[in-house]
Amino acid sequence: MGEKIKAQIVVSNQLDEESSIRKDNSISNDEDETFWQKVIRVCQVQKKGDLTTQQMFLYNYDLRPVEEARRTWSWFNYVFFWIADSFNINTWQIAATGVQAGMTWWQTWLSVWLGYGLAGMFVSLGARVGIFYHISFPVAARSSFGIYGSLWPIINRVVMSCVWYSVQAMVAGPCIGLMLRSIFSQNLDKRLDKQLDESLTTYEFLSFFLFWLLSLPALWFPPHQIRHLFTFKAYVVPFAGIGFLIWTIVKAGGIGPVIHQKATLNGSALAWEFVQSTMNSIANFATLIVNAPDFSRFAKKPSFGMKYLVYTISIPLCFSITSLIGILVSSASTIMYGETYWSPLDVLSNFLNDYTPGNRAGVFFISIAFALAQLGTNISANSLSFGTDVTAILPRFLNIRRGGYLCAALALVIFPWRLNSSASKFTTYLSAYSVFLSSIAGVVAIDYYYVRRGYIKLTHLYSLFAPENPSSESFYKFNKIGCNWRAYVAYICGILPNIVGFVGATDTHNVPIGATRVYDLNFFMGFISSGLVYAILCHFFPMEGVPSVGPFEKGWYEEWQYVEDFEEELTGHSIHEGLEQKVAYTSGSSKEKYSDTII
């Protein structure tokens, strides 16, 4: 036993000496670097270390499976997250379309319940891979689309997140504007009315820019810490919304005529309007359905509540209550102003027509709540999604924090006031983009639940070669270009049924009514079509790394992953009784650096 300990000490000293030599060599290499090598070293988010050049473009700290120290979200943090996310201006107005189209308030509200209930189920499906494997959407997509083939779905999300971040910041700008009017002047918007652009005044730009600027500090915090913002928002914003409802009903002396309004539609017209209202709720959640693993990977443990209840209950409950408050406030506004205002900001703006200290204070504090609501929504749905996705595109130089600030910078230069102008069709394109996201979601879901039956080999997601057998390729490389052609064929097949209706939705062409009806079911059509085609292709063209289970046989291979030593496993380190061995796996070859000297 004593000899063994002495041998371990000798090996330890040898390793320390080699480490010292490598450190000296590193200092020497730093002195010999060219200017551009120094720039690259400064700009990269992590040192290369033992990672190969290929791994540097597949892996960094924000992409790796989340270790236990960062898995800090309990089930109630997710409930707070959805409470916080539900109180935003878009959800407040979600019922407006149905009521204005001719449905009663309760028919519209029922469609909202149904839509968000279905959305909660889809989010729950997408979140599971994050709960068990602790990975984000960009990494999870590698198992279905391929290590490099996943870049197209990721780029889709990057572009959409950036544009939506900009649009949502513009939507939130009037919250700051109302706060400024409450403090400085009732007619501040008229005094700062210089046209900077055909669709933008000085007052509107100031409001937008201040919201954009005040959002920047919140982008600094990593995802496992940002939960505190959502917890704070969950306490503050609902009380502000309920207070706004009570205040409006008291001022109006009742809940208004919208509640008593009868439907102007019947028969098939009513049925299809109900379907559209339901699908609007799901489309509003399309981005969150796809990027669900980005947040679920921070879950502490795969409890029953996390797997089945958190999303399916909290999402429809929270969003439906917010929608109901929006209906009641808008209805009450009809009594006061003779016109129904579906935007809460329009109602608050009218409150300032009576410029009393009480109204000014009330509008100021409620505007703060709505600004906080928009900030939380913009971070959860857009900023963090952009940061997580763009990290997968260039992981050597970008992490979530840098991605968030890049998203904010780009949001400022794409002129969102032009996208939001009444003459622009761009918001229609954005809303219809759920067609493309549904096809991605369908492929990813069927790949995980049906084809792989919950089985994923984590190290293969970050390497072109199999760590356990360096002569073999990763399961998720698929071919020389690292792309799963089955996923792309299925993705295109998911888009095709909706494409004609999508063109019709933009009002650029007249399309047959049948295509419109198919498009009314856009998310389901995209999800089911892509998923079905993918399942068939995987059956007739099987892949490696998939459990040998027949189409109708039982089998589930999902496992909770221990990832504390993941980087050592990925780079080829193994510890055996004090002895370190190092193998370079991702190059496809292995090299033993230390020989076994233990007796």
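Along the sequence shown, residues are numbered consecutively beginning with 1.
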Exercise for review: Indicate yes or no for a side-chain donor-acceptor contact from Ser296 to the backbone of Ala127 under 3.5 Å, with no hydrogens or angles considered.
Suggested key: yes
Check your understanding: Within the side chain of Tyr311, is there an N or O that forms a donor-acceptor pair under 3.5 Å with the backbone of Tyr78?
Key -> no
Point to revise | N/O donor-acceptor pair under 3.5 Å between Glu559 side chain and Tyr557 backbone | key: no
Review point. Is the count of non-hydrogen atoms from other residues, nucleotides or ligands lying under 6.0 Å from Trp113 atom CH2 greater than 12?
Key: yes
Review point. Do the side chain of Asn90 and the main chain of Ile94 share a donor and acceptor less than 3.5 angstrom apart?
Key: no
Point to revise | For Ala392 against Leu151, the heavy-atom pair lying closest together | key: O-CD2, 4.2 Å
**Study point:** Trp75 atom CH2, neighbour heavy-atom count above 12 within 6.0 Å
**Key:** no
**Study point:** Ser383 to Leu219 - nearest heavy-atom pair and separation
**Key:** OG-CD2, 3.1 Å
Exercise for review: Determine whether the aromatic ring centres of Phe230 and Phe80 lie less than 6.0 Å apart.
Suggested key: no
Check your understanding: Given Leu309 and Phe304, is the side-chain contact (heavy atoms from CB on, under 4.5 Å) satisfied, shown in steps?
Key -> CA-CA 7 Å; Leu309 301 180; Phe304 180 85; 3.8 Å; yes
Review point. Out of Asp389, Asn60, Ile226, Thr391, which one pairs with Ile400 under the side chain to side chain contact (heavy atoms under 4.5 Å, CB included) rule?
Key: Thr391
Exercise for review: Please list, chain by chain and in numerical order, all residues satisfying ring-ring contact (aromatic ring centres under 6.0 Å, His included) with Tyr455, sequence neighbours excluded.
Suggested key: none
Check your understanding: Between Tyr491 and Tyr488, how do the two ring planes meet: parallel, tilted or perpendicular, split at 30° and 60°?
Key -> perpendicular
Review point. Using a distance-only test with no angle check, is there a side-chain donor-acceptor pair under 3.5 angstrom linking Ser161 and Ser385?
Key: no
**Study point:** Arg142 side chain reached by Leu58 side chain, heavy atoms, under 4.5 Å
**Key:** yes
Study note, to complete from the structure: Interatomic distance, CG@Asn522 vs CD1@Ile282, rounded to 0.5 Å, equals 8.5 Å
Review point. Quick one: side chain to side chain donor-acceptor pair (under 3.5 Å) partners of Ser303, sequence neighbours excluded?
Key: none
Practice item. Using a 4.5 Å cut-off on heavy atoms from C-beta on, say whether the side chain of Tyr449 contacts that of Arg128. Key: yes
Review point. Can you check whether Lys457's main-chain N or O pairs, donor with acceptor, with Tyr476's side chain at less than 3.5 Å?
Key: yes
Check your understanding: For Glu544, does the CD atom sit with more than 12 other heavy atoms under 6.0 Å from it, leaving out its own atoms?
Key -> no
**Study point:** Heavy-atom donor-acceptor pair, Ser530 side chain to Ser439 backbone, under 3.5 Å
**Key:** yes
Check your understanding: Who pairs with Ile89 by side chain to side chain contact (heavy atoms under 4.5 Å, CB included), at least two apart in sequence or on another chain?
Key -> Gln93, Val171, Cys175, Pro344, Leu345, Phe370, Gln374
Check your understanding: Taking the side chain as C-beta and beyond, is there a heavy-atom pair between Tyr405 and Leu216 under 4.5 Å?
Key -> yes
Point to revise | Interatomic distance, Tyr450 atom OH to Leu532 atom CG [nearest 0.5 angstrom] | key: 9.5 Å
**Study point:** Heavy-atom side-chain contact between Ile147 and Ser474 under 4.5 Å
**Key:** yes
**Study point:** N/O donor-acceptor pair under 3.5 Å between Thr388 side chain and Leu384 backbone
**Key:** yes
Check your understanding: Tell me, do Asp447 and Phe145 make a side-chain contact under 4.5 Å, heavy atoms counted?
Key -> no
Review point. How are the rings of Trp73 and Phe295 set to each other: parallel, tilted or perpendicular (split at 30° and 60°)?
Key: tilted
Study note, to complete from the structure: Between Arg297 and Asp62 the two heavy atoms that sit nearest each other are NH1-O, 3.0 Å
Check your understanding: Tyr116 and Trp82: side-chain contact (heavy atoms from CB on, under 4.5 Å), yes or no, with the steps?
Key -> CA-CA 12 Å; Tyr116 282 112; Trp82 293 117; over 6 Å; no
Review point. Can you name the residues that form a ring-ring contact (aromatic ring centres under 6.0 Å, His included) with Phe386, not counting sequence neighbours?
Key: none
Check your understanding: Is Ser166 reaching over with its side chain to a backbone N or O of Cys162, donor-acceptor style, under 3.5 angstrom?
Key -> no
Study note, to complete from the structure: From the list Ile321, Thr322, Ile315, side chain to side chain contact (heavy atoms under 4.5 Å, CB included) with Phe319 holds only for Ile315
Revision key, fill the gap. Nearest heavy-atom approach of Leu458 to Tyr462 is O-CD1, 3.3 Å
Check your understanding: Do the side chain of Arg452 and the main chain of Ser144 share a donor and acceptor less than 3.5 angstrom apart?
Key -> no
**Study point:** side-chain hydrogen bond (donor to acceptor under 3.5 Å, both in side chains) pairs, two or more places apart, involving residues 210-225
**Key:** none
Point to revise | Sub-4.5 Å side-chain heavy-atom contact between Leu410 and Cys407 | key: no
Exercise for review: Return the orientation label for the His134 and Trp560 ring planes: parallel under 30°, perpendicular over 60°, tilted otherwise.
Suggested key: perpendicular
**Study point:** Close side-chain approach of Met525 to Leu521, heavy-atom, < 4.5 Å
**Key:** yes
Practice item. Dump the intermediate steps for side-chain contact (heavy atoms from CB on, under 4.5 Å) on Asn399 and Tyr61, then the final yes or no. Key: CA-CA 8 Å; Asn399 55 20; Tyr61 178 73; over 6 Å; no
Check your understanding: With no hydrogens and no angle check, is any side-chain donor or acceptor of Asp294 less than 3.5 Å from a backbone partner on Phe137?
Key -> yes
Exercise for review: Test side-chain contact (heavy atoms from CB on, under 4.5 Å) on Ile456 and Val129 and set out the steps.
Suggested key: CA-CA 9 Å; Ile456 291 179; Val129 66; 3.8 Å; yes
Review point. In Å, rounded to the nearest 0.5 Å, how long is the span from CG of Leu110 to OG1 of Thr278?
Key: 7.5 Å
Point to revise | Ile379 and Lys233, any side-chain heavy atoms less than 4.5 Å apart | key: no
Revision key, fill the gap. Residues at least two apart in sequence or cross-chain that pass ring-ring contact (aromatic ring centres under 6.0 Å, His included) with Phe524, listed by chain then number, are Phe122
Practice item. State which residue, out of Trp92, Phe239, Phe365, fulfils the ring-ring contact (aromatic ring centres under 6.0 Å, His included) condition with Phe244. Key: Trp92
Practice item. Considering non-hydrogen atoms only, spot the tightest contact between Glu567 and Arg64 and give its length. Key: N-NH1, 4.4 Å
Point to revise | Straight-line distance of Ser111 OG to Met279 CE, nearest 0.5 Å | key: 11.5 Å
**Study point:** Spacing of Ser150 atom OG and Leu461 atom CG [to the nearest 0.5 Å]
**Key:** 9.5 Å
Check your understanding: Do Arg71 and Glu68 sit within salt-bridge range, that is, some charged N less than 4.0 Å from a carboxylate O?
Key -> no
Study note, to complete from the structure: Output for pair (Trp485 CH2, Asn479 CG), nearest 0.5 Å, gives 10.5 Å
Exercise for review: Mind listing the closest non-hydrogen atom pair of Ser438 and Gly526 along with its distance?
Suggested key: OG-CA, 3.4 Å
